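Every value quoted in this text rests on a predicted model; they were computed, and no experiment measured them.
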Amino acid sequence: MKRILFIEDEQHLSRFVEIELRHEGNEVVLAYDGATGLHLALAEEWDIILLDLMLPKIDGMEVCRQIRAVKTTPVIMLTARDSIKDRVAGLDCGADDYIPKPFSIEELKARMRVIFRREATKSTSSMLQVRDLSLNADLRVVRRGNEEIGLTKREFDLLAALMEHANRVMSREMLLDIVWGFETVVDTNVVDVYIRYLRNKIDKPGEDSYIQTLRGIGYMMKV
């Protein structure tokens, strides 16, 4: 059984999705505005959060940002705004997936299963170390020596993927699948952007980068 929070102001849609997900043995809690949804998201533990973008009181983007500031709970955005710009904005604010309305309940269930599988197959090792760079997956803390380095969720997950596969070449497609999910709508160039963000935070001026670029192939965290 999964605990699912559905933040959606369309009550007919909420009830339909709730019935479908409860039929499979899940616990589903509904919230009809952003403020209530955010309170529930932060106050309790959930296996996944389904989040509408256009909500009363607090919009979905802000709800997602505030969740991401303190939690790593998977979030799927459901919204009628389906332009590429809107999708990218949703993913950049911390959503794990983005499904435009109207959607099929079977597609929603399939997307949820993908996320649950990804969560289940994450590394069981809570501590990763490459030279003087350490990563604690349980606490989601990264340190270079004794200095703590603040990372966003995407930056943290990308660094964890590289450290977990240290000394192994990782293609952009592999990193995109691990960090963003294989059904993501973003281009592989987003990996290059986040590699740059990471380097700016973890590298020391005048020293070789922790992350090596293999032109035309991908990246490698070199021990």
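Cluster membership for Ile48 and Ile19, using ILVMFWY side-chain heavy atoms within less than 4.5 angstrom, is not shared. In the hydrophobic cluster analysis, where Ile, Leu, Val, Met, Phe, Trp and Tyr join through side-chain heavy atoms closer than 4.5 angstrom, Met1 is grouped apart from Ile49. Transitive grouping of hydrophobic side chains (ILVMFWY, heavy atoms separated by less than 4.5 Å) keeps Met127 and Val141 in distinct clusters. Residues Leu139 and Leu159 do not share a hydrophobic cluster, defined by chaining ILVMFWY side chains whose heavy atoms lie under 4.5 Å apart. The same ILVMFWY cluster, assembled from side-chain heavy atoms under 4.5 Å apart, contains both Phe116 and Leu21.
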What side-chain donor-acceptor pairs closer than 3.5 Å can you find for residues 52-61, not counting sequence neighbours?
residue: Asp52; atom: OD1; partner: Lys101; partner atom: NZ; Å: 3.2
residue: Asp59; atom: OD1; partner: Met61; partner atom: N; Å: 2.9
residue: Asp59; atom: OD1; partner: Glu62; partner atom: N; Å: 2.9

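Met112 places none of its side-chain heavy atoms less than 4.5 Å from the side chain of Glu24. Using a 4.5 Å heavy-atom cutoff, the side chains of Leu78 and Leu13 are not in contact. With a 4.5 Å cut-off on side-chain heavy atoms, Val75 and Val63 do not count as touching. Looking at heavy atoms from C-beta onward, Asp157 lies out of side-chain contact with Leu151 at the 4.5 angstrom threshold. No side-chain heavy atom of Leu30 sits under 4.5 Å from any side-chain heavy atom of Glu8. Between Val114 and Asp97, the closest side-chain pair of non-hydrogen atoms is not below 4.5 Å. Side-chain contact between Arg140 and Lys153 is present, with at least one heavy-atom pair separated by less than 4.5 Å.
The line from CG of Asp9 to OG1 of Thr36 is 11.5 Å long, rounded to the nearest 0.5 Å. In this structure, Leu38 CG and Gln66 CD are separated by 5.0 Å, a value rounded to the nearest 0.5 Å. Note that CD1 of Ile76 is 11.5 Å distant from SG of Cys64, once rounded to the nearest 0.5 Å. Interatomic distance, NE2 of His39 versus CD1 of Ile7, reported as 11.5 Å (0.5 Å rounding).
Contact between Val191 and Leu158 at its shortest, heavy atoms only, is O-CD2, 4.5 Å. Nearest heavy atom pair, residue Ile178 against residue Met170, reads CD1-CE, 3.6 Å. Residues Arg144 and Lys201 approach most closely at NH1-O, 3.4 Å, considering heavy atoms. In terms of heavy-atom proximity, Ile211 sits nearest to Ile195 at CG2-CD1, 4.1 Å. Across all non-hydrogen atoms, the minimal contact from Cys93 to Met77 is SG-CE, 3.6 Å. The shortest non-hydrogen separation linking Ser209 to Arg131 is O-NH2, 4.0 Å.
Residues forming a salt bridge (charged side-chain N to carboxylate O under 4.0 Å, His left out) with Lys204 (at least two apart in sequence, or on another chain): Asp132. With sequence neighbours left out, Ile105 forms a side chain to side chain contact (heavy atoms under 4.5 Å, CB included) with Phe16, Val17, Glu20, Leu108, Lys109. Residues meeting the side chain to side chain donor-acceptor pair (under 3.5 Å) test with Arg68, sequence neighbours left out: Asp96. Residues passing the side chain to side chain contact (heavy atoms under 4.5 Å, CB included) test with Gln11, sequence neighbours excluded: Tyr32. Considering only residues two or more places apart in sequence or on other chains, Arg15 meets the salt bridge (charged side-chain N to carboxylate O under 4.0 Å, His left out) condition with Glu18. Contacts of Asn167 classified as side chain to side chain contact (heavy atoms under 4.5 Å, CB included), with partners at least two apart in sequence or in another chain: Lys222, Val223. By the side chain to side chain contact (heavy atoms under 4.5 Å, CB included) test, Asn189 is found to be paired with Asp187, Asp192, residues two or more places apart in sequence or in another chain being considered. Contacts of Arg143 classified as salt bridge (charged side-chain N to carboxylate O under 4.0 Å, His left out), with partners at least two apart in sequence or in another chain: Glu148.
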Let me see the working for Ile99 and Leu50 under side-chain contact (heavy atoms from CB on, under 4.5 Å), right down to the final yes or no. CA-CA 10 Å; Ile99 305 178; Leu50 309 179; over 6 Å; no
Evaluate Arg196 against Val193 for side-chain contact (heavy atoms from CB on, under 4.5 Å), listing each step before the verdict. CA-CA 5 Å; Arg196 185 170 69 250; Val193 173; 4.1 Å; yes
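More than 12 heavy-atom neighbours from other residues, nucleotides or ligands sit within 6.0 angstrom of CG on Asn200.
A donor-acceptor contact shorter than 3.5 Å links the side chain of Asn26 to the backbone of Lys2. At least one donor-acceptor pair under 3.5 Å links the side chain of Asp33 to the backbone N or O of Ala35. Side-chain atoms of His165 come within 3.5 Å of backbone N or O of Ala161 as a donor-acceptor pair. Using modelled atom types, no side-chain atom of Thr213 and backbone atom of Arg215 make a donor-acceptor pair closer than 3.5 Å.
Within the structure, salt bridge (Lys or Arg N to Asp or Glu O under 4.0 Å) contacts touching residues 38-50 (residues at least two apart or in different chains) are Arg3-Glu44, Glu45-Lys71. For residues 191-223, the set of pairs meeting the ring-ring contact (aromatic ring centres under 6.0 Å, His included) definition, not counting sequence neighbours, comprises Trp180-Tyr194, Tyr194-Tyr197.
Cluster partners of Val169, using a side-chain heavy-atom cutoff of under 4.5 Å among ILVMFWY residues and allowing indirect links, are Leu214, Ile217, Met220.
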